[in-house]
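Because the structure is a prediction, the values reported are computed rather than measured.
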Amino acid sequence: MRMFIALPLPEAVKEDLSMFLEPRREVAPDLRWALPEQWHLTLAFLPEVADRHTDELLERCGRAASRRKPFDLRLVGAGAFPHPGDAKVLWAGVEHDGEELMRLAGGVRAAGAKSGVAVGGGRFHPHLTLARLAVPADVSRWLRVLAMYDGPSWQVREVALIASYLGQIGRAHV
């Protein structure tokens with residue numbers, strides 16, 4: 001099954017961002033907006049996890065997370081993949097101290113690999129996926145709008161293993 005090792009967002013953070021986005025969503029029929037209940041900050045993408053690996057993966061992720069001290073994050077600004085002029089993904093930026101978040105991401109990625117699971121994706125780039133585009137387009141206007149967003153900070157205290165089932169999400173916290 002397809003999984004993510006991720007940081008869940010507190011409800012207050014989701015509500016704040018939802019209130020900012022709500023009046024703007026209606027003017028963007030070309031964007032497929034992610035639902036707030038599915039929002040998370042992906043630390044590692046695991047394209048295929050066999051059931052036999054999940055227990056060890058949970059255990060190793062828990063150990064990796066326990067080695068990190070709590071740290072603060074905040075959603076600010078925005079960006080696009082692969083780039084604003086020809087975007088397929090619109091995302092919110094993540095403000096962080098640089099060290100603990102990167103160490104946590106490295107630790108859970110190593111936990112995945114040591115559990116016998118292939119870790120997908122390239123270099124870790126902290127972001128929150130807000131919307132996807134069926135056809136690549138210029139999202140520069142959206143980046144200017146989202147540059148005004150300055151979300152509340154929160155302290156990271158848990159890591160979640162999230163299973164993705166055809167548009168549904170299941171979650172186990174470690």
Side-chain angles (χ1 to χ4, degrees), residues 1-47 61 65 68 70-98 100-102 104-105 108 120-174:
M1 89 186 81
R2 173 181 145 120
M3 301 186 97
F4 302 91
I5 303 170
L7 301 176
L9 274 64
E11 288 303 316
V13 172
K14 290 180 190 179
E15 289 172 14
D16 188 79
L17 181 56
S18 289
M19 287 191 323
F20 178 83
L21 292 175
E22 192 59 39
R24 294 158 176 88
R25 288 182 191 196
E26 296 170 7
V27 296
D30 53 333
L31 295 175
R32 292 186 324 251
W33 293 95
L35 300 173
E37 56 269 17
Q38 296 176 338
W39 286 343
H40 62 271
L41 302 179
T42 299
L43 297 172
F45 171 61
L46 312 171
C61 284
R68 304 275 50 97
F71 56 93
D72 293 333
L73 293 180
R74 191 164 64 98
L75 298 175
V76 293
F81 293 134
H83 57 80
D86 199 28
K88 291 208 55 130
V89 175
L90 179 66
W91 49 263
V94 179
E95 182 180 88
H96 59 94
D97 73 354
E100 284 300 311
L101 177 60
M102 301 310 273
L104 177 59
V108 298
R123 191 175 68 103
F124 174 62
H125 181 88
H127 68 282
L128 170 67
T129 298
L130 296 174
R132 297 183 184 282
L133 292 90
V135 176
D138 185 348
V139 295
S140 299
R141 179 180 151 270
W142 281 104
L143 297 186
R144 288 190 298 276
V145 169
L146 290 165
M148 296 183 292
Y149 183 70
D150 187 7
S153 67
W154 78 95
Q155 192 168 74
V156 171
R157 295 186 176 271
E158 67 179 334
V159 173
L161 183 59
I162 301 172
S164 176
Y165 304 98
L166 299 174
Q168 299 175 3
I169 295 219
R171 185 173 293 186
H173 296 278
V174 293

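In terms of heavy atoms, Gly151 sits closest to Asp16 at CA-OD2, 3.9 Å. Considering every non-hydrogen atom in both Leu146 and Phe20, the closest pair reads CD2-CE2, 3.8 Å. Heavy atoms only, all atoms of each residue included: Trp39 and Ala34 are closest at NE1-O, 3.5 Å. The two residues Met3 and Leu161 make their nearest non-hydrogen contact at CE-CG, 3.5 Å. In terms of heavy atoms, Cys61 sits closest to Ile5 at SG-CD1, 3.5 Å. Contact between Pro82 and Ala87 at its shortest, heavy atoms only, is CD-CA, 4.2 Å.
Within the structure, salt bridge (Lys or Arg N to Asp or Glu O under 4.0 Å) contacts touching residues 85-97 (residues at least two apart or in different chains) are Arg74-Glu95.
Here the straight-line distance linking atom OG of Ser18 with atom CD of Glu37 works out to 8.5 Å at 0.5 Å rounding. Going from atom CG of Asp30 over to atom CG of Leu90 covers 10.0 Å, rounded to the nearest 0.5 Å. Note that CG of Leu46 and CD1 of Ile162 are 10.5 Å apart. Values are rounded to the nearest 0.5 Å. Note that CG of Leu9 and CG of Leu17 are 8.0 Å apart. Values are rounded to the nearest 0.5 Å. To the nearest 0.5 angstrom, Met102 atom CE is 10.0 Å from Leu43 atom CG.
In this structure Glu15 satisfies the side chain to side chain donor-acceptor pair (under 3.5 Å) test with no other residue, sequence neighbours excluded. Scanning for side-chain contact (heavy atoms from CB on, under 4.5 Å) contacts around Pro23 gives an empty result, with sequence neighbours left out. With sequence neighbours excluded, the residues satisfying salt bridge (Lys or Arg N to Asp or Glu O under 4.0 Å) with Glu100 are Arg68, Arg103. Qualifying side chain to side chain donor-acceptor pair (under 3.5 Å) partners for Glu11, counting only residues two or more places apart in sequence or in other chains: Lys14.
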Please table the atom pairs, donor to acceptor, closer than 3.5 Å between any side-chain atom in residues 122-129 and protein atoms at least two apart or in another chain.
{"from": "His127", "atom 1": "ND1", "to": "His125", "atom 2": "O", "distance (Å)": "2.7"}

For a quick test of your reading: what N or O donor-acceptor pairs under 3.5 Å do the side chains of residues 130-144 make, sequence neighbours left out?
{"from": "Asp138", "atom 1": "OD1", "to": "Ser140", "atom 2": "N", "distance (Å)": "2.8"}
{"from": "Asp138", "atom 1": "OD1", "to": "Ser140", "atom 2": "OG", "distance (Å)": "2.6"}

Next on the checklist: Checking Asp72 against Val156 for the side chain to side chain contact (heavy atoms under 4.5 Å, CB included) test, could you report, in this order, the C-alpha distance in whole Å, the side-chain angles of both residues, the deciding distance, and whether it holds?
Outcome noted: CA-CA 6 Å; Asp72 293 333; Val156 171; over 6 Å; no
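For the pair Leu7/Leu104, a side-chain contact is recorded, criterion being any heavy-atom separation below 4.5 Å from C-beta on.
Counting only distance, with no hydrogens or angles, the side chain of His83 and the backbone of Phe81 share no donor-acceptor pair below 3.5 Å.
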